[in-house]
Amino acid sequence: MDPFLTQAKKRSAHSMNWEKEHHWKKFKACKEDEWEEEESSIEEEFSHPLPWQKIEAEGLDCDYALLFSKDEADRLFNELEEEVEYFTGEKAQIRVFGKHYSVPRKQATYGDPGLMYSFSGVHLLARPWTPTLDYIRDAVTKATGRTFNFVLVNRYKDGSDHIGEHRDDEKELDPGFPIASVSLGAARDFVFRHREARGRKPRRHIDPVKLELAPGSLLLMNQPTNTYWYHSLPARKRVLTPRINLTFRCIVSQAQQQELRPSQ
DNA sequence: ACAGTCTCATTTGA
DNA sequence: TTCAAATGAGACTG
C-alpha cells in the first residue's frame, strides 16, 4: 500500500510522490492545511478575492487559484462538450521542422469578430463566443480585472494527448496582458522549463517548475514568463479521461501592433 | 523485462 | 537570421 495514499488528499499525495521520485523542486498547487478552507470558500461565490497562490522563479511569474467548485467545473465541462466545435482537416495540422502533423489533441478558437491567431504554420479564425465560453470569460474578468478578447480551446481526450514545449510568444499577443488558463475535466501535470536550461549543453542549471492543474483552476501567466520559460503538457498514460483547457488571450490588430512597436 | 517517462536531434520554411 | 505548439530514438528507472 502506498503510504502517501493514506493522506486525506490524493492530489497532494501525488505531488509528494512526484517530487520524491524526480528529486525536483515542485510547486505544490495547494498546501494541505489550506485546502479544505479554499474549497469551501470557492463553493459560495467569488465576490470576495480568490485565495491566489504565487508561483515564482527567475523570470517566471504566475498566479494560481481555484476559480470554480468541483460541481461547477463538472457542469461547465459538460456544457463545453456540447458547444465547442473543434477544427478538423488542415486546420488541425501544424508544421514542425518542415513536416506536417495532426496535433495530438483537438483545438478550437473563439473570440471577438475577425480575430485570428497563428502559430506553426496554422491560421485560426475566431468563432463567435458561445454562452458557456462567455460565462467563463466573465468569471475570469471578475477574478483578474482584465477582459480577454480571444480563447484557444485545447481538448486532451486522455493522457496520450499532449502538447510539446513551446512559448506563447506570438506577435499578435498584447504584451501588457497575462495569459489566463482555465482547466476543466481531468487533472493534468504541467511543466515549465527555462530557455537557458534546455538542449545538449545547457548554459545554466535551472530546475523545471512543475504543477498539477486541477479542474476548475485558473493559472495566470504574467510577463515576462513567456519570454524566458517554455511550457508543456506531457503525456500521462495513467490518465484515462478528457481535459479541456481554455487559454484566454488578448489579441491586438495589425494596426495596434504598429502602435505598440517602438517608434524610431 | 517492460512500460512509462525524459532528453535530444531533427534541418525546412515562416 | 532564428528557431520550432511535431515525432522518434535511446537512456533511464521502478
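All of these numbers come straight from a predicted model, not from anything done at the bench. Note that these values count all heavy atoms, side chains included, but never hydrogens, waters or copies made by symmetry. A note on names: the letters A, B, ... follow the listed sequences, proteins ahead of strands, and every chain is numbered from 1.
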Hey, does A/E165 reach any base, or is it just sugar-phosphate, or nothing, if we go heavy atoms under 4.0 Å? sugar-phosphate
Less than 6.0 angstrom from the centroid, inside 45 degrees of the normal: does A/R188 satisfy that with respect to the ring of A/Y156? yes
A/D74: which residues meet the salt bridge (charged side-chain N to carboxylate O under 4.0 Å, His left out) condition with it, sequence neighbours left out? none
Which part of the nucleic acid, if any, lies within reach of A/D168 when heavy atoms closer than 4.0 Å are counted: base, sugar-phosphate only, or nothing? base
A/E170 side chain to A/Y117 side chain, donor-acceptor N/O pair below 3.5 angstrom: yes
Can you tell me which nucleotide in B/dC6, C/dA4, B/dT5 comes closest to the side chain of A/K237? B/dT5
How are the rings of A/W129 and A/F248 set to each other: parallel, tilted or perpendicular (split at 30° and 60°)? parallel
Going by the rule ring pair (Phe, Tyr, Trp, His ring centres under 6.0 Å), which residues pair with A/Y228 if we only count those two or more places apart in sequence or in a different chain? none
Ring pair (Phe, Tyr, Trp, His ring centres under 6.0 Å) with A/F148: which residues, sequence neighbours excluded? A/F177
Residue A/I163, side-chain heavy atoms: nucleotide from B/dC6, C/dA4, C/dA6 that is nearest: C/dA6
Given the ring of A/Y230, does A/R193 sit roughly above its face, with NZ or CZ under 6.0 Å from the centre of the six-membered ring and within 45° of the axis? no
Applying a 4.0 Å non-hydrogen cut-off, can you work out what A/H231 is touching in the nucleic acid: base, sugar-phosphate, or nothing? nothing
With a 4.0 Å cutoff (strictly under), does any side-chain N or O of A/R238 reach OP1 or OP2 of B/dT5? yes
Which part of the nucleic acid does A/Y117 contact within heavy-atom distance under 4.0 Å: base, sugar-phosphate only, or nothing? base
Are there any protein N/O atoms within less than 3.5 Å of an N/O atom in nucleotides 8-14 of chain B, and if so, which ones and at what distance?
unit_1: B/dC8; atom_1: OP1; unit_2: A/G199; atom_2: O; d: 2.8
unit_1: B/dA9; atom_1: OP1; unit_2: A/R200; atom_2: NE; d: 2.4
unit_1: B/dA9; atom_1: OP1; unit_2: A/R200; atom_2: NH2; d: 3.4
unit_1: B/dG13; atom_1: OP1; unit_2: A/R95; atom_2: NH2; d: 3.1

Give me the stems containing DNA chain C, sorted by first residue, counting only three or more consecutive Watson-Crick or G-U pairs with both distances under 3.5 Å; say none if there aren't any. B:2-10 with C:6-14, B:12-14 with C:2-4
Going by salt bridge (charged side-chain N to carboxylate O under 4.0 Å, His left out), name the residues that satisfy it together with A/K157, two or more places apart in sequence or in a different chain. A/D161
Counting the atoms with a prime plus P, OP1 and OP2 as sugar-phosphate, which does A/E170 contact under 4.0 Å by heavy atoms, base, sugar-phosphate, or nothing? base
Answer with base, sugar-phosphate or nothing: what part of the nucleic acid does A/I94 contact at a heavy-atom distance below 4.0 Å? sugar-phosphate
I'd like to know if the side chain of A/T109 and the backbone of A/L125 have a donor-acceptor N/O pair within less than 3.5 Å. yes
C/dA6 P sits how many Å from A/L233 CG, rounded? 11 Å
Once you round it to whole Å, what is the distance between P of C/dT7 and NE2 of A/H100? 15 Å
